[in-house]
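All remarks here apply to the structure that follows.
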Amino acid sequence: KLTPARDTKARRWSKRGGFVDDDDVADLLVCTSFMNAYSSPLGISSFNVDMLRGALEHKHETALLTEIHMALLRLLIASLPEDSIEERRLSYLADVLNPVTWPEVLRRYVNFWLRYGEYERLQNKFEEFTQEALADAVTTMTDKTYFHLTEPEKLTLLSFLVDELLDTPTIVEHIQASKEKLRELRADKKEDDVEARREEADMRKRQRRREKGLDSSSSEDESSSSEEESSSEEDTENKVGDDAAEAGAPVDGDAAAAAA
């Protein structure tokens, strides 16, 4: 589980407008790795950590942030448990989610867990600092906009969404399918390795027998070659006889009788 805020708030955000510690780098890597690993079920394009950092540092809307947040929010809303308080309070957001409204949808989604979740889920995932960070981010987005947030605030929100996604059926099923595929690949590789070792052992065995002159396969090959040569000679003689007979030339006994 993600723990994006392991430092104090005063130190983490001592410099507004920029990343200030190694935890930020770790969170950037985690978010980037997750979204690239599950880009297929999420339906997003692949990107690298520098692209994500640049998008978070941008003071205005970017195509990458729009694509990421819309994909994450869409899947989270679609995965809400049926007949649950979450579904009753949040399902309507799917109807208003679009490239323009996603910051407001994000604010309402996070605000729901801060107000109605009673921190039950948050306490299992984040430290107290992160709960405060989420609350501060919601306040800023309420009074201003998402793009007035600092980079660490944006990253904390993104980390929250990523952690929420780990519990969705789509991601869980994808993880299980990946594990099954990995087991199959390992089994196939093991069989291939066994077969390769067997063939290598056979080659070494034949090589040693050839060096000792005991390779029966070589003798069989030589015998087969001699039989083929003998058969070829007989075929040649028979052909010559047949050609002579067709030409009316005396052969063997006929030639002796003619001489007598």
Side-chain angles (χ1 to χ4, degrees), residues 2-21 23-28 30-32 34-35 42 44 47 49-77 80 86 89-119 121-123 125-165:
L2 301 178
T3 55
R6 292 176 288 277
D7 218 330
T8 65
K9 183 175 182 179
R11 178 182 174 188
R12 179 78 181 273
W13 290 349
S14 60
K15 298 179 181 178
R16 293 192 60 81
F19 299 112
V20 298
D21 59 30
D23 290 343
D24 293 321
V25 177
D27 297 339
L28 279 169
V30 168
C31 291
T32 303
F34 174 86
M35 285 181 279
L42 290 174
I44 59 178
F47 56 89
V49 67
D50 291 330
M51 295 170 64
L52 178 58
R53 178 167 185 163
L56 292 172
E57 290 177 339
H58 207 278
K59 300 304 180 182
H60 302 284
E61 183 177 355
T62 66
L64 181 58
L65 285 185
T66 298
E67 181 183 10
I68 288 173
H69 284 88
M70 284 194 61
L72 303 189
L73 288 167
R74 184 184 297 112
L75 182 54
L76 284 172
I77 296 170
L80 295 172
E86 302 100 295
R89 297 299 183 95
L90 297 174
S91 59
Y92 78 96
L93 293 176
D95 298 328
V96 298
L97 179 63
N98 61 52
V100 176
T101 62
W102 70 261
E104 176 61 16
V105 172
L106 172 64
R107 185 191 70 81
R108 296 188 183 191
Y109 183 89
V110 176
N111 189 51
F112 167 81
W113 290 113
L114 293 173
R115 294 181 59 189
Y116 301 105
E118 297 180 355
Y119 302 110
R121 296 182 66 182
L122 299 181
Q123 287 176 350
K125 296 181 180 183
F126 298 111
E127 297 178 1
E128 182 178 354
F129 162 80
T130 305
Q131 297 174 18
E132 296 177 1
L134 291 173
D136 288 347
V138 168
T139 299
T140 300
M141 288 191 290
T142 301
D143 297 338
K144 298 179 181 180
T145 68
Y146 171 88
F147 302 102
H148 286 86
L149 297 173
T150 63
E151 287 84 346
E153 287 175 315
K154 294 176 184 177
L155 184 57
T156 298
L157 287 168
L158 186 58
S159 297
F160 170 72
L161 296 181
V162 167
D163 197 66
E164 287 284 287
L165 279 169

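The distance from atom CD of Glu164 to atom CG of Leu75, rounded to the nearest 0.5 Å, is 11.5 Å. Taken to the nearest 0.5 Å, the CG atom of Leu155 stands 5.0 Å off from the CG atom of Leu28. With rounding to the nearest 0.5 angstrom, the CG atom of Asp136 is 11.0 Å from the CE atom of Met141. Rounding to the nearest 0.5 Å places OG1 of Thr32 at 10.0 Å from CE of Met51. Here Glu67 contributes atom CD and His69 contributes atom NE2; the two are 12.0 Å apart, rounded to the nearest 0.5 Å. The distance from atom NZ of Lys144 to atom OG1 of Thr139, rounded to the nearest 0.5 Å, is 11.5 Å.
A 4.5 Å side-chain heavy-atom check between Leu158 and Met35 finds at least one atom pair inside the cut-off. In this structure, Leu72 and Leu106 have side chains that are not in contact, with every pair of non-hydrogen atoms separated by 4.5 Å or more. For the pair His58/Phe147, no side-chain contact is recorded, criterion being any heavy-atom separation below 4.5 Å from C-beta on. Residues Leu134 and Trp113 have side chains not in contact (no heavy-atom distance under 4.5 Å, counting atoms from C-beta outward). Leu161 has its side chain out of reach of Leu157: every pair of non-hydrogen atoms, C-beta onward, lies at least 4.5 Å apart.
With sequence neighbours left out, the side-chain hydrogen bond (donor to acceptor under 3.5 Å, both in side chains) criterion links Glu61 to Thr66. Listed by chain and residue number, Thr101 satisfy the side-chain hydrogen bond (donor to acceptor under 3.5 Å, both in side chains) test with Asn98 (two or more places apart in sequence, or in another chain). For Thr145, the side-chain hydrogen bond (donor to acceptor under 3.5 Å, both in side chains) partners two or more places apart in sequence, or in a different chain, are His148. Contacts of Arg108 classified as side chain to side chain contact (heavy atoms under 4.5 Å, CB included), with partners at least two apart in sequence or in another chain: Tyr92, Leu93, Glu104. By the ring pair (Phe, Tyr, Trp, His ring centres under 6.0 Å) test, Phe47 is found to be paired with no residue, residues two or more places apart in sequence or in another chain being considered. For Arg74, there are no side-chain hydrogen bond (donor to acceptor under 3.5 Å, both in side chains) partners two or more places apart in sequence or in a different chain.
Looking at every heavy atom in both residues, Trp102 comes nearest to Leu73 through O-CD1, 3.8 Å. Closest approach of Asp27 and Ser159 over heavy atoms only: CB-OG, 4.1 Å. Glu151 approaches Glu57 most closely through the heavy-atom pair OE2-CA, 3.4 Å. In plain terms, the two heavy atoms of Leu56 and Lys154 that are nearest each other are O-NZ, 3.1 Å. Closest approach of Ala55 to Thr62, counting heavy atoms only: CB-OG1, 3.7 Å. Between Ile77 and Ala94, the closest heavy-atom pair is CG2-CB, 3.8 Å.
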Q: Quick one: do Thr142 and Asn111 satisfy side chain to side chain contact (heavy atoms under 4.5 Å, CB included)? Show the steps, please.
A: CA-CA 10 Å; Thr142 301; Asn111 189 51; over 6 Å; no

